Amino acid sequence: MRYWLMKTEPSACSIDDVLAMPNQTVPWWGVRNYQARNFMRDQMKVGDGVLFYHSSCAEPGVVGLAEVAKLAYPDETQFDRNSPYFDAKASRENPRWLHVDVRVTTKTRLIGIGELRVHPELARMRVLQIGNRLSITPVDPTEWQFVIKRLLGVKT
DNA sequence: GCCAACGTTGGC
DNA sequence: GCCAACGTTGGC
């Protein structure tokens, strides 16, 4: 079991949007970065823990907990000529972009990026590094535990 | 809106 | 395969 941080722009798909969906589950469409795709395709397993992160917005930060709900499968938007995520080089026989399903389990308080930066225990998190643009990044178990127990006060 | 950082593209 | 130019990300 691994842990991940997954960014989304709330203007495109916020945690409230996901909570309003059936089973609070969303296909993680629109990833067009190979490293992020490879994480989903090669490493994510059902049940992996996810920090749900809002980016490019007024209050960037972790806003909820989620889990991987389905193994990677082709992203439909790559086949849709009307989608901004359309990829002419992808075909159904040879899809280029895969994604997992993500199910939100808990909407938490906002842990803003500023608060995340305060804690030395989290200083190595990829999302806090300058210039980081990767939308999906691995989270160490120790970092996950710190966020869950120390910042959110979840009892285990 | 600025701009640093970094991924991708494409000419060679 | 190199690498300059370009486009995008995303915090501030």
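Chain identifiers are assigned alphabetically (A, B, ...) following the order of the sequence lines, protein sequences preceding nucleic acid strands; residue numbering begins at 1 within each chain. Everything numeric in this text was worked out from a predicted model, so none of it was measured.
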Distance in angstrom units between [X] [atom1] and [N] [atom2], rounded:
X: A:Gln35; N: C:dT8; atom1: CD; atom2: C1'; result: 16 Å
X: A:Trp97; N: B:dG7; atom1: CH2; atom2: P; result: 13 Å
X: A:Tyr34; N: C:dT9; atom1: OH; atom2: P; result: 15 Å
X: A:Arg32; N: B:dT9; atom1: CZ; atom2: C1'; result: 18 Å

To the nearest 0.5 Å, what is the distance between CG (A:Leu152) and CG (A:Leu65)?
->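 Here the rounded value is 6.0 Å.
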Between A:Arg109 and A:Glu115, is there a side-chain N and carboxylate O pair less than 4.0 Å apart?
-> yes
Enumerate the protein-to-nucleotides 3-5 of chain C contacts in which both atoms are nitrogen or oxygen and the separation is below 3.5 Å.
none

By salt bridge (charged side-chain N to carboxylate O under 4.0 Å, His left out), which residues pair with A:Glu143, not counting sequence neighbours?
->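 In terms of salt bridge (charged side-chain N to carboxylate O under 4.0 Å, His left out), with neighbours along the sequence ignored, A:Glu143 is linked to no residue.
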Report all side-chain donor-acceptor pairs from residues 120-131 of chain A shorter than 3.5 Å, counting only partners two or more places apart or in another chain.
residue: A:Gln129; atom: NE2; partner: A:Ala123; partner atom: O; Å: 2.9
residue: A:Gln129; atom: NE2; partner: A:Met125; partner atom: O; Å: 2.9

Show which residues join A:Trp28 in its hydrophobic cluster (side-chain heavy-atom contacts under 4.5 Å, direct or indirect), or state none.
-> A:Trp4, A:Met6, A:Ile15, A:Val18, A:Leu19, A:Met21, A:Val26, A:Trp29, A:Val31, A:Phe39, A:Met40, A:Met44, A:Val50, A:Phe52, A:Val63, A:Val68, A:Tyr85, A:Val100, A:Val102, A:Val104, A:Leu110, A:Leu134, A:Ile136
Quick one: salt bridge (charged side-chain N to carboxylate O under 4.0 Å, His left out) pairs with a partner in residues 16-31 of chain A, sequence neighbours left out?
-> A:Asp16-A:Lys107
Judged by atom type as modelled, is there a donor-acceptor pair below 3.5 Å linking the side chain of A:Gln78 to the main-chain atoms of A:Asp87?
-> no
Intermediate values then yes/no, side chain to side chain contact (heavy atoms under 4.5 Å, CB included), A:Thr77 and A:Arg32 = CA-CA 11 Å; A:Thr77 62; A:Arg32 294 295 180 270; 3.0 Å; yes
Below 3.5 Å is the cut-off: list the nitrogen or oxygen pairs between protein and nucleotides 10-12 of chain C, distance only.
residue: C:dG10; atom: OP1; partner: A:Lys7; partner atom: NZ; Å: 2.6
residue: C:dG10; atom: OP1; partner: A:Arg133; partner atom: O; Å: 3.0
residue: C:dG11; atom: OP1; partner: A:Tyr53; partner atom: OH; Å: 3.1
residue: C:dG11; atom: OP2; partner: A:Ser56; partner atom: N; Å: 3.0

